[in-house]
Participant: 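The structure is given below, and queries will be raised subsequently.
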Amino acid sequence: MSQDFDYDLVIIGAGVGGHGAALHAVSCGLKTAIIEAGDMGGTCVNRGCIPSKALLAASGRVRELKNAHHLKAMGIQVDNVNFDREGIAAHASNLVTKLRGDLTNSLTRLNVEVIHGWGKVVAAQKVSVTTPEGEKFITAKDVMISSGSIPFVPPGIEIDGKTVFTSDDAIKLETIPQWIAIIGSGYIGLEFSDVYTALGSEVTIIEFFDQLMPGFDTDIAKLAKRILIDPRDIDARPSLLAKRVIPGSPVVIELADAKTKEVVEILEVDACLVATGRIPDTKNLNLEAVGVALDRRGFIPVNDKLEVLIDGEPVPHLWAIGDATGKMMLAHAASAQGIIAVENICGRSKQIDYQSIPAAAFTHPEISFVGMTETQAKEAGTAGGFEIAAVRSYFKGNSKAIAEGEADGMAKVIYRKDTGEVLGTHIIGLHAADLIHEASNAIAQRNSVQNLATYVHAHPTLSEVLDEAYKRAAGVH
């Protein structure tokens, strides 16, 4: 370590990205400190991935046990299924407490100094931390911003945290409304519609775009509507804007036509979840002190080495990772960025490959994808002078899925016709979030369907859904 600095690396933000970067930095021999103003673990551990997966696991069990028709087909009878809302909520909060403790302990064990307070940049290689005891200044050879994101609340929507709320409050499961409106049909909206319907709520999904699940591949979105929305107590309303949302009993929602912005209906519901995405938590970082301007959406500009940029040029010794960069607002993407950034800090030049980072919605069944949608692949083909093709294989032809009585679903593989390189894979079905990693690794290696078709998969397993797709693409059968 240079004697001129207090630390080799100071990280602002102890979410999953900052935590992963700190652990990797220590393993590389860097003296590291991490600054956190809120709860250790950031959004993922406290208000996102972890508590929502706990709620999905518990509510999913309830849905499964209440599905008498499905169980009867397997020779099982279950009567009088009940659940305890407080118990399900406690399952989520207890998991959060445990994982937050584990995360903090892992940093302490490796001698990462944890500083509680608000961190901001004050000069090159210098940060300040506002703590209850006052402000203190720290110098570091390198500074990394990992400040995360917060829920986006569109104008006209009033939040009270009880009847109108974001996912930050929804994960507490303080009530199970009889009728809840969910604004947005992305990951968050889909997952919470799964939780609420399993526990007995009626759900109205309000979506601005004319297609539900606008970020997903169109084939997957169509099938997801048939599996996750149509059979459930969900009224899906595309092409509508929630122009005003007023908390209370009832919650009053002014619905407007998405194109004309004219109010077309007044909806009165028991509660409203605002699931309209997330925005970067990058205010009050004082980046202007070193000449860095946020982009128009508030994200910190970075290159694929995770260096912060001014007019396209890297700022020496300043790095940013995670949701604050807006590249891929996923916990595991933040971790990957953190490791890449530390590698570059250590002089080992590395760049992140966003194409091979998978994503998943933990609905029942799950949805996952990696790489390009078919539309994106066609655009890339037009620009690059190559043709693309897509194949589909179905869970209804998979022995394991049939044995489980969970044969709804599809895998779709998109690839180049000339080289066979896999460009994107999209799955909806049982354990889709686990299955996607084979495709993710294939894209990371720029592998071809011809190679993948020769790999051996255990039988009977769900992985054969992808095996079948690869073989179809390669023309093996």
Participant: Can you find a heavy atom in the side chain of H459 that is under 4.5 Å from one in the side chain of S399?
Facilitator: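 The answer is yes, as the side chains (C-beta and beyond) meet within the 4.5 Å cut-off.
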
Participant: Taking all non-hydrogen atoms of both residues, which atom of E207 and which atom of Q211 are closest, and how far apart?
Facilitator: CG-O, 3.8 Å

Participant: Compare every heavy atom of I339 with every heavy atom of G20, then report the nearest pair and how far apart it is.
Facilitator: O-CG1, 4.5 Å

Participant: Give a yes-or-no answer on whether the side chains of T43 and R278 include a donor-acceptor pair shorter than 3.5 Å.
Facilitator: yes

Participant: Could you tell me which non-hydrogen atom of A54 sits nearest to which non-hydrogen atom of L95, and how far apart they are?
Facilitator: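 Minimum heavy-atom contact is CB-CD2, 3.9 Å.
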
Participant: Considering residues, nucleotides and ligands other than K261, do more than 12 of their heavy atoms fall under 6.0 Å from its NZ?
Facilitator: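 Yes, the 6.0 Å shell around NZ holds more than 12 heavy atoms from other groups.
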
Participant: What are the two closest heavy atoms between P365 and G429, and how far apart are they?
Facilitator: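 Distance-wise, the nearest heavy atoms are CB-C, 3.5 Å.
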
Participant: Heavy atoms only: give me the nearest I88-L173 pair and the separation to one decimal.
Facilitator: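 Here I88 and L173 meet closest at CG2-CD2, 3.8 Å.
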
Participant: I'd like to know whether CZ of R63 has more than 12 heavy-atom contacts from other residues, nucleotides or ligands below 6.0 angstrom.
Facilitator: yes

Participant: Over all heavy atoms of both residues, which pair between Y470 and V422 is shortest? Give the atoms and the distance, please.
Facilitator: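 Heavy atoms only, the tightest pair is CE2-CG2, 4.5 Å.
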
Participant: Within the supplied structure, the quantity of interest is the number of heavy atoms (other residues, nucleotides, ligands) at a distance under 6.0 Å from Y455 OH; does it exceed 12?
Facilitator: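 Yes.
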
Participant: Does any part of the side chain of K378, heavy atoms only, come nearer than 4.5 Å to the side chain of M372, both counted from C-beta?
Facilitator: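 Side chain of M372 against side chain of K378, heavy atoms only: no contact under 4.5 Å found.
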
Participant: Quick check on Q178: does its CD atom have over 12 non-hydrogen neighbours (other residues, nucleotides or ligands) under 6.0 Å away?
Facilitator: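 No.
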
Participant: A quick test of your reading: do over 12 heavy atoms of other residues, nucleotides or ligands sit less than 6.0 Å from CZ of R100?
Facilitator: yes

